[in-house]
K.L.:
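Dumping the structure here so I can ask a few things about it.
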Amino acid sequence: MAATVSETLLDWYDTHARDLPWRARPGTPAPDPYRVWLSEVMLQQTTVAAVKPYFEAFTTRWPDVSSLAAAPEEDIMAAWAGLGYYSRARNLVKCAAAVAQRGGFPETEEGLRDLPGLGPYTAAAIAAIAFGERAVVVDANVERVVARLFAIEDPLPGARKAIRVAADAITPDRRAGDFAQAMMDLGATICTSRDPKCLLCPLTQSCEARAAGDPARLPLKARKKDKPVRQGRAYWIERNGTVWLVRRAGKGMLGGMRALPDDGWNSRSDGSDEAPLAGIWESAGLVRHAFTHFALELSVLVNRGSEQPKGEGEWWPLDRLEEAGLPTLFAKAARLVLAS
DNA sequence: TAACCGTGGTG
DNA sequence: TCACCAAGGTT
């Protein structure tokens with residue numbers, strides 16, 4: 001009898017698995033749920049290369065969930081700065097508290113699903129990888145591999161239901177965690193979005209899209225809307241080797257992060273509020289930054305007078321600006337000022 | 001359902 | 001250069 005897709009893929013995984021910091025070390029049977037959880041959250045919509053240094057920094061500073069739960073939220077947000085999608089960091093704080101409170105992670109997909117920041121993908125992935133549950137793990141890699149294996153012609157996101165059914169059908173009862181990671185490794189290194197390496201693929205004999213001749217065509221996707229360009233201002237207020245930083249509101253764009261004061265720009269409108277003080281402003285230039293659904297042209301204005309800014313904030317030493325944890329947009333603005 | 005939410009790499 | 005893309009979740 002011919003080997004099944006899962007058997008073939010698991011054999012491939014046994015010799016080709018990527019060596020990643022959050023995977024179980026040789027000789028240790030199961031990976032640490034804390035490290036699986038942390039890595040899975042960091043990896044949401046984020047590349048392995050981007051995650052690695054953050055995962056290393058987090059696990060060095062906070063080696064287990066109780067130490068993370070005990071850390072000040074500000075420290076965690078600052079440590080997340082630059083990784084993006086900051087609601088993940090806010091939910092990480094909530095989730096760590098909940099897990100510490102109940103004395104450990106839930107060990108089922110259903111239980112994990114109730115934790116903040118864990119959706120269908122992440123709950124299934126942790127259940128399968130950390131706890132050995134047979135869970136159907138569907139991420140963008142799995143969607144791509146499955147759409148090609150079964151030549152699913154319906155475009156995403158409409159095809160999600162059919163893809164899930166097909167993924168369920170090939171998920172094995174044993175080693176579901178390895179199978180999920182094998183599918184993701186295959187998608188990341190072989191069955192790539194562009195220019196798939198079909199000559200190296202262990203599943204090439206089973207692949208309907210390969211047989212049809214043009215696997216890179218799948219999965220089909222609806223065309224994306226083009227993003228508007230917004231204008232905004234950020235204010236650099238400097239006194240005696242310090243700069244005035246504020247904390248952004250807990251929800252919305254860059255929520256909860258330290259930032260330069262701005263004029264109220266957001267995803268729906270240009271900025272228009274008045275400056276945080278009525279002094280003399282000099283232009284330091286323009287920062288262009290692309291967010292997911294809009295682009296921003298941020299004009300950076302500088303004041304070195306003596307007037308006190310309005311509202312809440314803190315004077316932050318310029319020689320420790322790295323530790324403030326500014327999101328990339330404001331780090332760019334700071335770089336612009338400090339280079340001029 | 002679809003909008004919202006970051007960033008850096010890539011072809 | 002720029003549109004697309006990456007181990008998605010929340011509302």
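Throughout, a chain's letter reflects where its sequence line sits, starting with A, and its residues are numbered from 1. None of these values were measured; they are calculated from a predicted model.
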K.L.:
Regarding C:dA3, can its base be found pairing with the side chain of A:Arg223 as donor and acceptor, where the two atoms are less than 3.5 Å apart?
P.N.:
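Donor-acceptor pair under 3.5 Å: no.
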K.L.:
So for atom CG, which belongs to A:Asp319, do other residues, nucleotides or ligands contribute more than 12 heavy atoms lying within a distance under 6.0 Å?
P.N.:
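Buried by this count: over 12 neighbours within 6.0 Å.
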K.L.:
Under 6.0 Å from the six-membered ring centre of A:Trp12 and within 45° of its axis: does the NZ or CZ of A:Arg18 meet both?
P.N.:
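Because its charged atom misses either the 6.0 Å distance or the 45° angle limit, A:Arg18 does not stack over A:Trp12.
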K.L.:
Think A:Gln45 has a side-chain N or O under 4.0 angstrom from the OP1 or OP2 of C:dA6?
P.N.:
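No, outside the criterion.
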K.L.:
Does A:Thr122 make a side-chain N or O approach to OP1 or OP2 of C:dG9 shorter than 4.0 Å?
P.N.:
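Indeed, a polar side-chain atom of A:Thr122 lies that close.
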K.L.:
Applying a 4.0 Å non-hydrogen cut-off, can you work out what A:Ala140 is touching in the nucleic acid: base, sugar-phosphate, or nothing?
P.N.:
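Sugar-phosphate contact only - A:Ala140 comes under 4.0 Å of backbone atoms but never of a base.
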K.L.:
C:dA6, OP1 or OP2 - any side-chain N/O from A:Tyr85 closer than 4.0 Å?
P.N.:
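Checking A:Tyr85 against C:dA6: no side-chain N or O falls below 4.0 Å of OP1 or OP2.
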K.L.:
Looking at A:Lys224, does any N or O in its side chain come under 4.0 Å of the phosphate oxygens OP1/OP2 on C:dC5?
P.N.:
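The answer is yes; a side-chain N or O of A:Lys224 sits under 4.0 Å from OP1 or OP2.
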K.L.:
Please state whether the phosphate of C:dG9, meaning OP1 or OP2, lies under 4.0 angstrom from any side-chain nitrogen or oxygen of A:Arg90.
P.N.:
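Checking A:Arg90 against C:dG9: no side-chain N or O falls below 4.0 Å of OP1 or OP2.
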K.L.:
Got more than 12 heavy atoms from elsewhere within 6.0 Å of CD, A:Glu110?
P.N.:
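Result for CD/A:Glu110: open.
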K.L.:
Within the structure, does a side-chain N or O atom of A:Thr328 lie under 4.0 Å from either OP1 or OP2 of B:dT7?
P.N.:
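Yes, within the criterion.
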K.L.:
With nearest nucleotides of DNA chain C determined for A:Ser39 and A:Gly117 from heavy-atom distances, which residue corresponds to the more 5′ nucleotide?
P.N.:
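Taking each residue's closest nucleotide, the earlier one in sequence belongs to A:Ser39.
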K.L.:
Using the C1' atom in both, what is the distance from B:dA3 to C:dA7, to the nearest Å?
P.N.:
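Straight-line distance between the two C1' atoms is 23 Å.
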K.L.:
Within the structure, does a side-chain N or O atom of A:Arg268 lie under 4.0 Å from either OP1 or OP2 of B:dC4?
P.N.:
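So the side-chain polar atoms of A:Arg268 do come within 4.0 Å of the phosphate oxygens OP1 or OP2 of B:dC4, strictly under.
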K.L.:
Could you give the distance separating B:dG8 and C:dG9 at their P atoms, to the nearest angstrom?
P.N.:
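Looking at atom P only, C:dG9 and B:dG8 are 22 Å apart.
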K.L.:
From CG of A:Leu220 over to P of C:dC5, roughly how many Å is that when rounded to an integer?
P.N.:
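These atoms are roughly 11 Å apart.
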K.L.:
According to a strict under-4.0 Å criterion, is A:His289 in side-chain N/O contact with OP1 or OP2 of B:dG6?
P.N.:
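Answer is no, no contact under 4.0 Å.
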K.L.:
Classify the nucleic acid contact of A:Ser193 as base, sugar-phosphate or nothing, counting any heavy atom under 4.0 Å across all strands shown.
P.N.:
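Sugar-phosphate, backbone atoms only, no base.
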K.L.:
Using the six-membered ring of A:Trp37, assess whether NZ or CZ of A:Arg35 lies under 6.0 Å from its centre and within 45 degrees of the ring axis.
P.N.:
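Checked: cation-pi criterion not met.
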K.L.:
Would you kindly give the CG-to-C1' distance between A:Leu254 and B:dT7, to the nearest whole Å?
P.N.:
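Taking CG of A:Leu254 and C1' of B:dT7, I get 11 Å after rounding.
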K.L.:
Which part of the nucleic acid does A:Gly82 contact within heavy-atom distance under 4.0 Å: base, sugar-phosphate only, or nothing?
P.N.:
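Here A:Gly82 touches the backbone only, sparing every base.
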K.L.:
Between the base of B:dG9 and the side chain of A:Thr47, is there a donor-acceptor distance below 3.5 Å?
P.N.:
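Between B:dG9 and A:Thr47, which were checked side chain against base, a qualifying N/O pair under 3.5 Å is absent.
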K.L.:
Any donor-acceptor pair under 3.5 Å between the side chain of A:Thr46 and the base of C:dG8?
P.N.:
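Donor-acceptor pair under 3.5 Å: no.
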K.L.:
Map A:Gly252 and A:Pro157 onto DNA chain B by nearest heavy atom, then report which one ends up closer to the 5' terminus.
P.N.:
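Checking each residue's closest nucleotide, the 5'-ward one belongs to A:Pro157.
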K.L.:
Going by the angle between their ring planes, with limits at 30° and 60°, are A:Trp22 and A:Phe55 parallel, tilted or perpendicular?
P.N.:
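Plane angle over 60°, so perpendicular.
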